[in-house]
Amino acid sequence: MQLELGIGANNQMLKAPMMEMVSQFPYWFFITMNLAKEINILPTIRKRSLALKGDIARNLAQLKAASPNDDFAAKVSQTNTFNYENLVMQTQLNYSSYYSIYAQGGTAVKLTEEKPLPYDQQIKLFAQKVKEADHIVIGGASGLSAAGGGDFYYKDTPSFYKYFGKFAKKYGIKGDFAGMKYPWKTREEFWGYLATFLYTTQHAPVRQPYKDLKKIIGDKDYFFLTTNQDTQAIKEFPEDKVAEIQGDHRFFQYSQQCTDDVWDAVQPVEDMVKAMDDGTAIPTEMIPKCLHCGAEAFPWVRGYGNFLEGTRYHQEYAKISQYLEKNMNDGKILFIELGVGRMTPMFIQEPFWALTKNLPQAYDVMVNRDFQFLPQEIEDKGVAIKGDINQVLDDVLVELAK
């Protein structure tokens, strides 16, 4: 809650930035006390604001003598709890407005002009912030899994030929996502390819970066937010400490969303791969279809079609929202951003930047192989490390052991 006392309606030094800060955080509330002619509240925060007009001394005296209304306070608390998804929606608007910049590998956020620290100093700073942190929030994106060998999504890498060799040879596909867009002649072939992909990720061993992260965290309080759907995070960390806000390869959904259900995809996928054997198509009867409307199923992940933002989706967002609401103002909080590309900065990167900017004891460590983006507004509260994630995490472990 922000309490504003006697600040003029058009004050740009105090009032304007205070209201702007409230507008960035949906769980904040704004109260102003002033003469009627000096009351001014931004339209964007009007629903989360209260104006007490008149003499400030008299209003404060009445508040001192008043008794709290617990029922009303509970209702206000419920409607103004922190919601991470709201931050994502705000940054999605920014992404849409400046799409051409992001599409070219840039960012619309003004970056620092300061020269980056030498690599060894960045590693020491990373390790130091881990040691000092009371809470750690990890944001893992595609670059994190790619660093551990899950690099078959975009290119015809050795790992792509290892897992998808028969499809590459028969259809000339280069990279997993290219296979998803391939003009398959039959649904049986499409599902043969999709089942192979899902089986590969569902049964992949935990990749080294995830193991290193667990060692780095140690006994610190933490939470893991990920846009990866490859199940790596939940293999290494408890599910109640992980939010998969873009879906999970372990589940199917119905394409027409006739129900709110998601269900197990692991066993059906194993059965498809076994039935396909050395071929590239599954039997027709194994294509999963809805018993209600007859529509095909597909993986519960964004990017395959009509992604179901139902009960489980909201449960995933609730986990990160509740963790942050509980801990964001409790001691030092460290955000660690790993492998965020230019396709999805709105889910991890820019919300982390906004939180770091507005939380007094927050710090953001950003690690990326291709980009070194440190916003000017948090240049004193963050470090951007350009390098291989595997190597960076190894070096941090060495530093922590000293």
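Values below: every heavy atom of this structure, side chains too, minus hydrogens, waters and symmetry copies. All residue numbers in this chain count up from 1 along the given sequence.
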Legend entry - Beyond-backbone contact of Y163 with T201, side-chain heavy atoms, under 4.5 angstrom: no

With a 6.0 Å cut-off on the ring centroids, do [X] and [Y] count as close?
X	Y	result
F237	Y210	no
Y313	Y317	yes
Y171	Y182	yes

Inset, instruction - Taking ring pair (Phe, Tyr, Trp, His ring centres under 6.0 Å) as the test, write out the residues that go with F347, two or more places apart. - result: none

Inset, instruction - Could you check Y193 against F164 for ring pair (Phe, Tyr, Trp, His ring centres under 6.0 Å), going step by step and ending with a plain yes or no? - result: CA-CA 8 Å; Y193 183 81; F164 304 94; 5.6 Å; yes

Donor-acceptor pairs under 3.5 Å, side chain of residues 124-134 to any protein atom, not counting sequence neighbours: which ones?
from	atom 1	to	atom 2	distance (Å)
Q128	NE2	E132	OE2	2.9
D134	OD2	K332	N	2.6

Between the side chains of [X] and [Y], is a donor N or O closer than 3.5 angstrom to an acceptor N or O?
X	Y	value
E188	T284	yes
D271	Q267	yes
T91	E350	no

Inset, instruction - Determine whether more than 12 heavy atoms belonging to other residues, nucleotides or ligands lie under 6.0 Å from atom CZ of R369. - result: no

Legend entry - Exceeds 12 heavy-atom contacts within 6.0 angstrom, atom NZ of K162: no

